[in-house]
Amino acid sequence: MPVSVKSLALPALFLCLAGCGGGERIEGMELTLGITTARARGVPEAAGARTLVTDEGARATLSGALVTLGKVELIPCEATGWRRLWNELSPVGTAWAHSVSNALRMGTPHVVALGDTDGAVLPLGVMRPPPGRYCRARLTFEPADADAEGLSSASQGAVPVDMLGLSLHVRGTLAEGERGFEVETRGTSSVDVLLEGLELTEDAPKAARVFTLAWDSWLDGVGPGESPRNVDLLGNVARSASLQSAVVP
């Protein structure tokens with residue numbers, strides 16, 4: 001039975017592209033990442049620099065906070081149409097998915113300190129992913145290991161805190177009776193942050209993104225007279241993450 005030339009044309013085209021360098025990896029991609037802190041809400045009346053009001057109406061002041069960002073993972077935008085078909089047919093594309101797994105994940109933990117003021121950007125490092133469009137970054141907050149950046153600074157601060165094995169340490173006072181609190185956790189919490197159309201190409205091989213943690217929502221769920229120990233504080237930290245404008249850290 002004769003075989004239609006047209007029926008062979010499309011598969012042949014993709015095989016040719018896959019085998020003739022059409023999926024060659026482009027070197028030199030760089031994504032610089034940083035993280036900072038900020039208020040997300042208005043400043044409460046007669047408030048100090050670190051005074052907040054929770055979503056339940058409790059007034060509190062943070063005197064210190066440390067959180068461990070364990071890793072950042074880039075999540076490519078979902079391929080559609082011919083791009084999806086290309087990814088399925090191209091052996092080079094399949095190889096990328098295996099060989100660049102480290103390039104899509106920044107695995108160095110960072111202990112992020114809530115300083116006296118907001119705006120200072122803590123550099124997280126430079127990722128070198130393959131070219132492509134990346135829609136989200138998955139931030140995972142987890143216990144600090146011995147290699148975490150900022151571990152020694154936390155232990156040598158005005159109020160020393162050993163963050164080894166901790167994902168969060170927060171202390172402060174609640175307005176009602178100025179009751180003090182100090183909470184630590186060893187849990188894990190992740191959140192996906194939209195990257196607003198991040199695309200790395202041969203023509204635009206470098207980009208920068210800064211994540212912001214809205215510290216004035218970290219005690220959400222705490223009502224007047226209640227204890228922060230009864231709230232998922234680490235989950236609040238993760239949910240407070242967003243993307244700042246695309247500036248260089």
Side-chain angles (χ1 to χ4, degrees), residues 32-41 43-44 47-54 60-72 106-127 137-174 180-191 193 208-220 222 228-229 231-245 247-249:
T32 303
L33 296 178
I35 193 166
T36 188
T37 59
R39 281 186 182 272
R41 301 165 180 163
V43 181
R50 291 300 183 204
T51 300
L52 60 89
V53 176
T54 72
T61 299
L62 300 182
S63 56
L66 297 157
V67 60
T68 306
L69 176 60
K71 54 181 172 283
V72 178
M106 180 178 288
T108 302
H110 287 77
V111 176
V112 182
L114 181 65
D116 294 332
T117 59
D118 295 320
V121 176
L122 173 67
L124 297 177
V126 178
M127 301 183 71
R138 181 162 297 155
L139 278 58
T140 299
F141 299 89
E142 58 190 3
D145 61 24
D147 296 324
E149 299 286 340
L151 202 62
S152 60
S153 297
S155 64
Q156 296 171 10
V159 179
V161 178
D162 183 4
M163 283 295 291
L164 183 62
L166 296 180
S167 46
L168 177 67
H169 175 99
V170 60
R171 63 184 182 275
T173 56
L174 295 169
F181 66 87
E182 186 171 358
V183 182
E184 295 179 345
T185 179
R186 301 174 184 271
T188 298
S189 188
S190 297
V191 66
V193 176
R209 293 293 186 271
V210 174
F211 303 110
T212 297
L213 299 180
W215 59 269
D216 56 349
S217 66
W218 290 0
L219 297 185
D220 277 1
V222 178
R229 296 182 180 278
V231 173
D232 179 15
L233 298 184
L234 188 62
N236 284 345
V237 171
R239 287 185 287 272
S240 79
S242 63
L243 185 69
Q244 197 189 58
S245 58
V247 295
V248 177

| said: Could you report the tightest heavy-atom contact between Arg41 and Val53, atom names first, then the distance? | reply: NH1-O, 3.3 Å

| What pair of heavy atoms forms the shortest contact from Ala38 to Asp216, and how long is it? | O-OD1, 4.2 Å

| request: Can you measure from CZ (Phe211) to CG (Leu243) and round to the nearest 0.5 angstrom? | output: 6.5 Å

| Minimum heavy-atom separation for Ser240 to Ser217, with atom names? | CB-OG, 3.4 Å

| said: Can you see whether Thr51 engages Thr61 through a side-chain donor-acceptor pair at a distance of less than 3.5 angstrom? | reply: yes

| said: Main chain of Ala148, side chain of Asp145: is a donor-acceptor contact present, judged purely on distance under 3.5 Å? | reply: yes

| query | Considering the options Leu139, Leu69, Val210, which one meets the side-chain contact (heavy atoms from CB on, under 4.5 Å) requirement together with Leu124? | reply | Leu69

| request: Find the distance between CH2 (Trp215) and CG (Leu62) and round it off to the nearest 0.5 Å. | output: 6.0 Å

| message | I'd like to check Asp220 versus Val231 (side-chain heavy atoms, cut-off strictly below 4.5 Å). Are they in contact? | response | no

| note | Between Thr68 and Pro109 the two heavy atoms that sit nearest each other are CG2-CB, 4.2 Å

| field | Pair Asp118, Thr37: side-chain N/O donor-acceptor within cut-off below 3.5 Å | value | yes

| query | Is there a donor-acceptor pair under 3.5 Å between the side chain of Arg239 and the backbone N or O of Leu234? | reply | no

| Interatomic distance, Ile35 atom CD1 to Leu213 atom CG [nearest 0.5 angstrom] | 4.0 Å

| Interatomic distance, Glu184 atom CD to Arg171 atom CZ [nearest 0.5 angstrom] | 10.0 Å

| task | Write down the atom of Ser167, the atom of Gly187, and the distance for their closest heavy-atom approach. | result | OG-O, 2.9 Å

| query | How long is the span from the OG atom in Ser152 to the CG atom in Asp162, to the nearest 0.5 Å? | reply | 11.0 Å

| Donor-acceptor contact below 3.5 Å, side chain Arg50 vs main chain Ala60 | no

| said: Against Leu219, only a single residue in Thr54, Val183, Asn236 fulfils side-chain contact (heavy atoms from CB on, under 4.5 Å); can you say which? | reply: Thr54

| message | Tell me if a side-chain donor or acceptor on Thr185 pairs with a main-chain N or O of Leu168 at a distance below 3.5 Å. | response | no

| said: Within the structure provided, determine whether Thr108 and Asp147 are in side-chain contact (heavy-atom separation under 4.5 Å). | reply: no

| query | Could you give the distance from CG (Leu233) to CZ (Phe181), rounded to the nearest 0.5 Å? | reply | 8.0 Å

| request: Using atom types as modelled and distance alone, determine if a side-chain donor or acceptor of Ser155 lies under 3.5 Å from a backbone N or O of Val161. | output: no

| remark: Taking every heavy atom of Thr36 against every heavy atom of Ala120, the minimum-distance pair comes out as OG1-O, 2.8 Å

